[in-house]
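Down below is the structure, laid out as structure tokens.
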Amino acid sequence: MVARYSRIAGTGSHLPPRRLSNDDMTAMLAQRGVETSDAWIVERTGIRARHFADDGVMCSDLALPAAQAALAAAGRRADEIDLIVVATSTPDMVFPSTACILQAKLGIAGCAAFDVQAVCSGFVYALTVADAMIRAGSARCALVVGSEVFSRLLDFNDRTTCVLFGDGAGAVVLEASDEPGLLASSLHADGRHVGVLCTPGTVSGGKVSGDPLLKMDGQAVFKLAVGVLESAAREVLAKAGRTEADLDWLVPHQANIRIMLGTAKKLKLSPDKLVATVAEHGNTSAASVPLALDHAVRAGQIKRGDTLLLEGVGGGFTWGAVLLDY
Ligand code: UT7
């Protein structure tokens, strides 16, 4: 039987234990002659700390405990999953996908498993794809994960980017349901802006060719993000026949508190309705939305029946939104 809706049955997340405060970063960068400060990072971004995975810890290693926590919260066993979608830009390998590696680590086999690459919009893209597959009857119990080890891409001689990002993973179990559920989503991309946020290196001829470190024109990304986050929000509200007044929580990509507060203000939402974990996690790219979601659920902020707006924005340039009743 084909379900009318998909709904989130459980959430989970995982942060690697090594936490670096802004003072820790400042001291680390000073050893390279790179100057930054807690005051600058807090004032411009709202970030106070981030977590970095130890050497050898891969994207799938962070995804596994997040997935297991989501399964436990949903009351599901791993062998009940019939679809795995992992959003990441920092996969374990060029191929196979991190979703296949995660499937093996979960001790299951046979179900479809693939990665989605939409950088910081990745989780919103992955959730939309899983929702569409559930509503098409191709899956009934999907594991949707955002997991990143962005620390591996950082240029620690570039203070304009290296203080911003962190590692982590978040996951949801998305199940077929006759009750809402995901209400509407919208995904967008504009490849003309590839250069504003990219890691241009690739593997070729047995070595990395091109620069394998992250590059960002922060101000260009900032301007693009502010505009598209408002338009994507309005688009999903209109599709679902709802208004801003129906929103209980905004769970945006966690890159910069100024962008997040700006989006809330444009939607006339009180800052109390903003889920903000950027201070403690930094920007974890595709992991940021499910990490923030799980933290807010476990903190008792987000409750069953609440209406949530999830939003992603980032490299590509990509952006999107998902409106759902939790
Ligand atoms: O995940 C995808 C989405 N990504 C985003 O949404 C990121 C969007 N962009 C941003 O969040 C902000 O543009 C940044 C946080 C990246 C930068 O903030 P800003 O207010 O746009 O700063 P800026 O680039 O205009 O730099 C201001 C000053 C510069 O110095 P001068 O030229 O004015 O002397 C920078 O060199 O701040 C300097 N600066 C720093 N100073 C201390 C840049 N990075 C640092 C640093 N520590 N880490």
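FYI, the numbering just counts along the sequence from 1. Both ligands and their constituent atoms are indexed starting at 1 by order of listing.
In terms of protein heavy-atom proximity, atom 43 (C) of ligand 1 is closest to W40 CZ2, 3.3 Å. Closest to atom 7 (C) of ligand 1, if we only count protein heavy atoms, is M216 CE, 3.8 Å. Among all protein heavy atoms, the one lying closest to atom 8 (C) of ligand 1 is G218 O, 3.6 Å. For atom 11 (O) of ligand 1, the nearest non-hydrogen atom of the protein is N256 ND2, 2.7 Å. Of all protein heavy atoms, the one closest to atom 48 (N) of ligand 1 is R159 O, 2.8 Å. Atom 21 (O) of ligand 1 has its closest protein heavy atom at Q219 CG, 3.4 Å. Here the heavy atom of the protein found nearest to atom 6 (O) of ligand 1 is I259 CD1, 3.3 Å. Atom 16 (C) of ligand 1 has its closest protein heavy atom at L164 CD1, 3.8 Å.
Counting the atoms of ligand 1 from 1 in the order shown, those under 4.0 Å from a heavy atom of T45 are 15 (C). Atoms of ligand 1 found under 4.0 Å from any heavy atom of L197, numbered from 1 in the order shown, are 2 (C). Contact atoms of ligand 1 toward C120: 1 (O), 2 (C) (distance under 4.0 Å to a heavy atom of the residue). Distances below 4.0 Å separate heavy atoms of N283 from the following atoms of ligand 1: 1 (O), 2 (C).
In this structure, atom 14 (C) of ligand 1 has no protein heavy-atom contact shorter than 4.0 Å. Taking a distance limit of 4.0 Å, we find that atom 39 (N) of ligand 1 is approached by some protein heavy atom. At a distance under 4.0 Å, a protein heavy atom can be found next to atom 19 (P) of ligand 1. For atom 29 (C) of ligand 1, the nearest protein heavy atom lies 4.0 Å or farther away. For atom 34 (O) of ligand 1, the protein comes within 4.0 Å by no heavy atom at all.
A heavy-atom distance below 4.5 Å is found between the side chains of L127 and L310. The shortest distance between side-chain heavy atoms of I47 and V42 does not fall below 4.5 Å. With a 4.5 Å cut-off on side-chain heavy atoms, L153 and P212 do not count as touching. When side chains are defined from C-beta on, L174 counts as touching I134, because their heavy atoms get closer than 4.5 Å. The shortest distance between side-chain heavy atoms of M216 and T160 does not fall below 4.5 Å. The shortest distance between side-chain heavy atoms of V297 and Y326 falls below 4.5 Å. I101 has its side chain within reach of M93: a pair of non-hydrogen atoms, C-beta onward, lies under 4.5 Å apart. At least one side-chain heavy atom of T128 sits less than 4.5 Å from a side-chain heavy atom of V322.
For ligand 1, one of its N or O atoms has an N or O atom of T36 under 3.5 Å away. Checked by distance only, ligand 1 and S37 stay at 3.5 Å or farther apart across all their nitrogen or oxygen atoms.
The side-chain tip of R50 does not point at the ring of F165 from less than 6.0 angstrom away and within 45° of straight on.
A 6.0 Å sphere centred on NZ of K265 holds no more than 12 heavy atoms belonging to other residues, nucleotides or ligands.
The only option from K268, R234, K266 that meets the salt bridge (Lys or Arg N to Asp or Glu O under 4.0 Å) definition with E244 turns out to be R234.
Proximity of A255 to ligand 1, defined as any heavy-atom pair under 4.0 Å, is confined to the side chain (atoms from C-beta onward).
Between L291 atom CG and F123 atom CZ the span is 10.0 Å, to the nearest 0.5 Å.
Checking R44, E35, H253 against atom 22 (O) of ligand 1, the nearest heavy atom belongs to R44. Within the set T161, V221, I41, the minimum heavy-atom distance to atom 4 (N) of ligand 1 is found for V221.
Between the side chains of S21 and D24, at least one donor N or O sits under 3.5 Å from an acceptor N or O.
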